[in-house]
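Inspection log for the structure reproduced underneath, given as structure tokens.
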Amino acid sequence: MHPTITALATGNLTTLTEPFVKAGMTASTPAPGILQLIHSPAQSSRPRLLLSVAIHGDETAPLEMLAHLLDELITAPHRLVLDLMIVVGNPAAIAAEERYIDADLNRMFRSERGDLQTTREAERADDIMSATTAFFDIPKAEKWHLDLHTAIRESYYPTFAVVPEVIDKNGRQALLAWLGKAGIEAAILNPSSAGTYSAYTAERYGAVSATVELGQVGTLGKNDLTRFADTSAALSDFIYTGVPPAGSAPAVFRVTQELIKHSEAFCLSFDRSTKNFTALPPGSLIAQDRQIEYRVGPETEYVVFPNPDVRPGLRAGLMVVREKS
């Protein structure tokens with residue numbers, strides 16, 4: 001396998017630091033799978049970009065795409081004009097070829113974890129949050145976080161993003177414009193964090209953040225990266241210019257309901273072949289959980305991330321509506 005892909009997949013990023021040190025940067029690996037590249041001296045006028053991949057161990061395409069971007073940077077480190085942090089979320093799950101080891105890492109970025117506190121993913125989230133604090137702890141710097149994923153299900157929008165609603169208006173407009181340039185077809189404005197990494201950085205550090213879904217899960221080393229050429233190009237432009245390139249904004253949706261699984265009796269009213277952004281008409285049954293019924297409201301809603309296999313107490317899906325332009 002390609003050496004940089006192997007380095008990212010195993011979390012051994014110390015092998016990537018030398019070219020950046022020679023270019024006069026501070027290159028550090030505060031924990032396995034985390035790389036920080038900081039220009040010296042640190043300046044609040046320089047943007048800080050956090051790119052995270054493989055928060056779920058079976059989401060490998062973004063990791064491969066990032067490996068190719070890093071290869072370009074390694075040959076010409078002086079082209080990096082912003083401060084950059086790379087996070088490979090769950091190397092242990094990558095090695096196991098599983099989504100996670102004990103529990104979903106993308107529900108751990110919060111202080112209250114209940115009985116999940118003793119999981120390996122909770123410990124990993126603590127390491128990631130500590131490194132994130134060190135990276136974003138610089139006053140007035142423009143902060144961006146793009147958390148790159150792939151979805152479990154097929155989707156009527158093969159590429160889409162979840163955008164924390166807490167982001168200020170100017171940051172949100174810049175983000176939507178970048179998403180459009182990156183070939184992202186839809187964006188969901190979400191008022192609730194659900195413990196996700198991108199919501200954590202938006203709420204805690206005021207970062208312009210998004211969870212970006214790039215197609216479906218795939219096998220490491222066998223992903224078709226041509227599908228993400230626009231995303232890769234938009235990331236390169238950002239890294240080499242320090243300015244997020246802008247395109248036409250994607251279709252925008254907003255969350256109307258969170259489907260919380262309260263018990264093992266939870267069941268969806270549709271099967272596992274249902275695609276993300278499937279439309280459900282007003283009043284139709286979405287899911288049942290003992291005496292609880294989830295139904296569509298007065299206008300057509302679209303289902304996203306339906307997953308009945310999550311633990312009780314966690315989100316089992318979102319319902320969204322299309323924003324009127």
Side-chain angles (χ1 to χ4, degrees), residues 55-56 59 99-100 103-110 146-167 172 175-176 179 184-203 209-217 249-263 266-289 292-324:
I55 295 295
H56 298 125
E59 298 178 352
R99 188 167 179 81
Y100 50 77
D104 189 342
L105 177 58
N106 214 27
R107 296 296 180 268
M108 299 294 178
F109 295 93
R110 51 181 159 188
L146 300 170
D147 186 25
L148 308 179
H149 288 249
T150 55
I152 297 173
R153 292 175 182 250
E154 292 185 15
S155 177
Y156 286 106
Y157 294 98
T159 58
F160 63 97
V162 180
V163 176
E165 241 179 37
V166 69
I167 297 171
R172 187 188 304 172
L175 175 58
L176 291 174
L179 291 169
I184 307 305
E185 299 163 286
I188 300 168
L189 302 180
N190 189 11
S192 175
S193 72
T196 66
Y197 191 17
S198 65
Y200 167 76
T201 55
E203 294 168 358
S209 304
T211 300
V212 183
E213 302 285 347
L214 301 172
Q216 284 187 275
V217 296
V252 177
F253 295 77
R254 59 179 170 83
V255 173
T256 55
Q257 300 186 61
E258 282 192 315
L259 309 178
I260 304 299
K261 178 177 177 177
H262 296 282
S263 75
F266 180 91
C267 62
L268 295 166
S269 64
F270 42 82
D271 62 31
R272 292 178 181 271
S273 66
T274 300
K275 296 181 180 181
N276 284 319
F277 292 96
T278 292
L280 297 179
S284 58
L285 181 67
I286 305 165
Q288 289 181 290
D289 194 344
I292 300 171
E293 283 190 347
Y294 292 99
R295 290 187 176 273
V296 177
E299 59 181 311
T300 298
E301 297 181 9
Y302 303 81
V303 61
V304 183
F305 300 134
N307 183 5
D309 299 327
V310 300
R311 293 188 182 208
L314 297 182
R315 187 181 73 192
L318 293 174
M319 300 302 298
V320 303
V321 295
R322 180 79 180 263
E323 289 273 75
K324 297 177 174 62

Check: So which heavy atom on Pro282 is nearest to which on Val296, and how close?
Finding: CA-CG1, 3.7 Å

Item checked: Contact summary for Leu175 and Ser209, nearest pair of heavy atoms -> CD2-O, 3.3 Å

Notebook entry, point to check: Once the angle between the rings of Phe305 and Phe160 is folded into 0 to 90°, is it parallel (under 30°), tilted (30 to 60°) or perpendicular (over 60°)?
Noted result: tilted

Check: For Pro306 and Leu268, which heavy atoms make the closest approach, and how far apart are they?
Finding: CB-CD1, 3.8 Å

Notebook entry, point to check: What's the spacing between Thr150 OG1 and Glu213 CD if we round to 0.5 Å?
Noted result: 7.0 Å

Next item on the list: Compute whether any side-chain donor of one residue and acceptor of the other, for Glu258 and Ser192, lie under 3.5 angstrom apart.
Entry: yes

Item checked: 4.5 Å side-chain heavy-atom contact, Leu179 and Val163 -> yes

Check: Got a second to check how far Thr159's OG1 is from Ile184's CD1, nearest 0.5 Å?
Finding: 4.5 Å

Item checked: Distance (rounded to the nearest 0.5 Å) between Ile55 CD1 and Met108 CE -> 11.5 Å

Notebook entry, point to check: With distance as the sole test, does Lys261 use its side chain to make a donor-acceptor pair with the main-chain N or O of Phe266 at under 3.5 Å?
Noted result: no

Check: Centres of the Tyr197 and Phe109 rings: under 6.0 Å?
Finding: yes

Next item on the list: Measure from the side-chain N and O atoms of Gln288 to the backbone N and O of Ser269, and report whether any donor-acceptor pair falls under 3.5 Å.
Entry: no

Next item on the list: Measure from the ring center of Tyr302 to the ring center of Tyr157 and say whether it is less than 6.0 Å.
Entry: no

Check: In Å, rounded to the nearest 0.5 Å, how long is the span from NZ of Lys275 to CZ of Arg153?
Finding: 12.0 Å

Checklist line | Heavy-atom closest pair, residues Gln257 and Gly297 | finding: NE2-N, 4.3 Å

Checklist line | Within-4.5 Å side-chain heavy-atom neighbours: Val255 and Pro191 | finding: yes

Notebook entry, point to check: In Å, rounded to the nearest 0.5 Å, how long is the span from CD1 of Ile260 to CZ of Arg315?
Noted result: 7.5 Å

Next item on the list: Assess whether side-chain contact (heavy atoms from CB on, under 4.5 Å) is satisfied between Arg254 and Thr256, documenting all intermediate values.
Entry: CA-CA 6 Å; Arg254 59 179 170 83; Thr256 55; 3.9 Å; yes

Note to self: Using every non-hydrogen atom in the two residues, find where Ser193 and Glu203 come nearest and quote the distance to one decimal.
What the structure shows: CB-OE2, 3.2 Å

Next item on the list: Kindly indicate, with the supporting measurements, whether the criterion side-chain contact (heavy atoms from CB on, under 4.5 Å) is fulfilled by Val310 and Arg107.
Entry: CA-CA 11 Å; Val310 300; Arg107 296 296 180 268; 5.9 Å; no

Note to self: Under the criterion side-chain contact (heavy atoms from CB on, under 4.5 Å), I'd like the reasoning laid out for Arg99 against Asn106: C-alpha separation, chi angles, the key distance, then a yes or no.
What the structure shows: CA-CA 11 Å; Arg99 188 167 179 81; Asn106 214 27; over 6 Å; no

Notebook entry, point to check: Roughly how far, to the nearest 0.5 Å, is CD of Glu165 from CG of Asn190?
Noted result: 7.5 Å

Margin query: Tell me the closest heavy-atom pair linking Ala186 and Pro250, and the distance in Å.
Written below: N-CB, 3.6 Å

